Amino acid sequence: MRIEFIKMHGLGNDFVVLDAREKPLPLIDAAVASALANRHTGIGCDQLIVLEPSSAADFRMRIFNPDGSEVEACGNATRAVGLLHGKPARIETLGGILEARPADAGISVEMGQPRFAWEAIPLAYAMDTHSMPLAWEELVNPIAVNVGNPHAIFFVADPYAIDMDRLGPLIENDPVFPERVNVNVAAVTARDAITLRVWERGAGLTRACGTGACATAIGAMKRGLVDRTVTVTLPGGPLTIAWREDDVIVMSGPATESFRGSFAADAFGLTQAAAGEVTA
Ligand SMILES: N[C@@H](CCC[C@H](N)C(=O)O)C(=O)O
């Protein structure tokens, strides 16, 4: 049995998309997700995205990091599946229901409302999330924001001077973040401009992170560093983030379909045991 996939990206943050909205797929678990995401022995991607039917929205989007962890939100992938859907869509995720629609800048997504309470990030114990009293070498006093998934944002002079390969995993896996954390290092360059790099939970350094751009923009707005609409420039390119008066974050930016292909299901331990029964 062969399974079709669509390779997509948002500013170079790349995805393998499996579309099971019309036809069920064999069970996708952590091991399968990790194998498919492997850039040497699999197809290769920053996140595996599985689309399924939903009783609460137009469809459900499941998000897997290359380490196999299934997570709540993926901003760039939400734009990608919005492009795939081709019309306005309500998308169910573990982080809530999001709305994606075609826009002048590509795809615009309502990413929900940010959360700031220590329990909502989450943190392991009570703490001021506006300026956490913690430091990891030169990275100090982050602001913590949950935008469906957890982010720690450090404002620095030059994000490209930070050794993210060393400090990223140290912070990602610190016990103060019981569900781990996405690590953002950002410089505010104007009232409407931020430069950002992201070490992603379960994925490492990526060329772009949509939820990172949202969390960083909100963090900068909360600290009074930028206005309520800002361009966040990542290594892969820019995203526009607005924080609406109703507290909803709106992210706008490009999404791209790279190519389509298929793979042999049993090459990744996926077999269709019998009609309707699946094993992985
Ligand atoms: N690249 C995504 C974020 C994917 C999930 C993240 N690594 C997490 O574990 O929370 C984005 O564009 O937001």
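Remember, it's 1-based here, ligands and their atoms both numbered in the order they're listed. It should be emphasised that the depicted structure is a prediction, and the values quoted were computed from it without experimental measurement.
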Tell me whether G75 has any N or O atom under 3.5 angstrom from an N or O of ligand 1. yes
With a 4.5 Å limit on heavy-atom distance, are the side chains of H9 and R207 in contact? no
Tell me which protein heavy atom sits closest to atom 2 (C) of ligand 1, plus the residue, atom name and distance to 0.1 Å. C74 SG, 3.2 Å
Near N149, which atoms of ligand 1 are under 4.0 Å from a heavy atom of that residue? 6 (C), 8 (C), 10 (O)
Location of contacts on Q47 toward ligand 1, heavy atoms closer than 4.0 Å: side chain
Looking at CZ of F154 and CG of L196, how far apart are the two atoms once the value is rounded to the nearest 0.5 Å? 12.5 Å
Heavy atoms only, cut-off 4.0 Å: how does T206 contact ligand 1, side chain, backbone, both, or neither? neither
With heavy atoms only and a cut-off of under 4.0 Å, state how A203 meets ligand 1: side chain, backbone, both or neither. neither
Numbered atoms of ligand 1 (with element) below 4.0 Å of T211, judged on heavy atoms: 3 (C), 11 (C), 12 (O), 13 (O)
So which bit of D46 gets within less than 4.0 Å of ligand 1, heavy atoms only: side chain, backbone, both or neither? neither
Assess, by modelled atom type and distance only, whether the side chains of T211 and N149 contain a donor and an acceptor separated by less than 3.5 Å. yes
Does C209 have a heavy atom less than 4.0 Å from any atom of ligand 1? yes
Between N13 and Q47, a side-chain donor and acceptor under 3.5 Å: yes
For A73, the ligand 1 atoms with a heavy-atom partner under 4.0 Å come out as 3 (C), 4 (C), 5 (C)
What is the nearest protein non-hydrogen atom to atom 3 (C) of ligand 1, stated with its residue, atom name and distance? E200 OE1, 3.3 Å
Near N76, which atoms of ligand 1 are under 4.0 Å from a heavy atom of that residue? 11 (C), 12 (O)
